[in-house]
J.: 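Next up is a structure, given as structure tokens.
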Amino acid sequence: ARGLWADLRARVPQAPVTEDGAEELFLRGVRLADEGQPREALAAMEEACRKRPEQSTWWLALAQAHADAGQRVEARGAAERALAVALNETEQ
């Protein structure tokens, strides 16, 4: 089994590892939103989305966080960005 796993890893390209801290920022934002700290959550999630603008699910989560904070204009903008990124992913 170990040999099969090594062979599979050699054949399947791995996603590039990034050390930009975006994933940690995004997860921190989600946690802060769950803890009822919307201002801090939005700041973390927005920064994560700026660092990784290709993450459509992050934009969607940001849209929901804006909506939860009563920020309809910002929520709509983030939702539109999520849709645009998702459409681009499927067109490639």
Side-chain angles (χ1 to χ4, degrees):
R2 200 172 276 188
L4 291 173
W5 178 249
D7 184 49
L8 178 63
R9 289 192 61 165
R11 291 176 187 223
V12 176
Q14 299 295 312
V17 175
T18 58
E19 299 295 331
D20 60 3
E23 189 169 331
E24 291 81 10
L25 272 171
F26 178 75
L27 294 174
R28 181 173 179 262
V30 170
R31 181 179 49 80
L32 289 167
D34 287 345
E35 293 173 354
Q37 299 179 41
R39 187 172 298 158
E40 295 84 355
L42 287 169
M45 293 170 82
E46 286 171 351
E47 179 65 21
C49 286
R50 276 193 292 276
K51 288 182 176 219
R52 300 240 192 111
E54 73 280 1
Q55 295 289 336
S56 62
T57 56
W58 291 9
W59 286 105
L60 189 57
L62 178 60
Q64 184 62 56
H66 277 299
D68 291 345
Q71 300 173 347
R72 293 179 53 136
V73 172
E74 293 85 351
R76 183 179 182 100
E80 289 172 351
R81 185 71 183 262
L83 182 59
V85 171
L87 288 175
N88 286 338
E89 288 176 356
T90 60
E91 291 172 357
Q92 293 178 357

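What you are looking at is a predicted structure, and each value in this text was computed from that prediction instead of being measured. In this chain, numbering begins with 1 at the start of the sequence shown.
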J.: If you round to the nearest 0.5 Å, how far is CD of E54 from CH2 of W59?
T.: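 The distance works out to 10.5 Å.
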J.: List in chain and number order the residues that pass side-chain hydrogen bond (donor to acceptor under 3.5 Å, both in side chains) with E23, two or more places apart in sequence or in another chain; answer none if no residue qualifies.
T.: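 Counting only residues at least two positions away or on another chain, E23 forms no side-chain hydrogen bond (donor to acceptor under 3.5 Å, both in side chains).
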J.: Does any pair with a residue in residues 24-34 pass side chain to side chain donor-acceptor pair (under 3.5 Å), and if so which ones, sequence neighbours excluded?
T.: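 Applying side chain to side chain donor-acceptor pair (under 3.5 Å) to every pair that reaches into residues 24-34, excluding sequence neighbours, yields R31-E35.
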J.: Which heavy atom of A33 sits nearest to which heavy atom of A41, and what is that distance?
T.: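 It is N-CB, 3.4 Å.
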J.: Can you give me every donor-acceptor pair (side chain of residues 62-69, partner residue at least two apart or in another chain, under 3.5 Å) with its distance?
T.:
unit_1, atom_1, unit_2, atom_2, d
Q64, NE2, D68, OD1, 2.8
H66, ND1, Q71, OE1, 2.5
H66, NE2, E46, OE2, 3.0

J.: Same hydrophobic cluster for W58 and V85, using side-chain heavy-atom links shorter than 4.5 Å among ILVMFWY?
T.: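 Linked, W58 and V85 end up in one cluster.
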J.: What pair of heavy atoms forms the shortest contact from A22 to A48, and how long is it?
T.: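 Result for this residue pair: O-CB, 3.5 Å.
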J.: Give the cluster check for V30 versus L60: same hydrophobic cluster or not, with ILVMFWY residues linked at side-chain heavy-atom distances below 4.5 Å.
T.: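 As far as the 4.5 Å side-chain criterion goes, L60 and V30 are not connected within one cluster.
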J.: Compare every heavy atom of K51 with every heavy atom of D20, then report the nearest pair and how far apart it is.
T.: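 Closest pair (atom of D20, atom of K51, distance): O-NZ, 2.7 Å.
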J.: What pairs with A61 under side chain to side chain contact (heavy atoms under 4.5 Å, CB included), at least two apart in sequence or on another chain?
T.: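 Counting only residues at least two positions away or on another chain, A61 forms a side chain to side chain contact (heavy atoms under 4.5 Å, CB included) with F26, M45.
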J.: For residues 72-82, which side-chain N or O atoms pair as donor and acceptor with protein atoms under 3.5 Å away, sequence neighbours left out?
T.:
unit_1, atom_1, unit_2, atom_2, d
R76, NE, E80, OE2, 3.1

J.: Suppose the criterion is ring-ring contact (aromatic ring centres under 6.0 Å, His included): which pairs have a residue in residues 28-49, not counting sequence neighbours?
T.: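 Every candidate ring-ring contact (aromatic ring centres under 6.0 Å, His included) pair involving residues 28-49 fails, so no pair, neighbours aside, qualifies.
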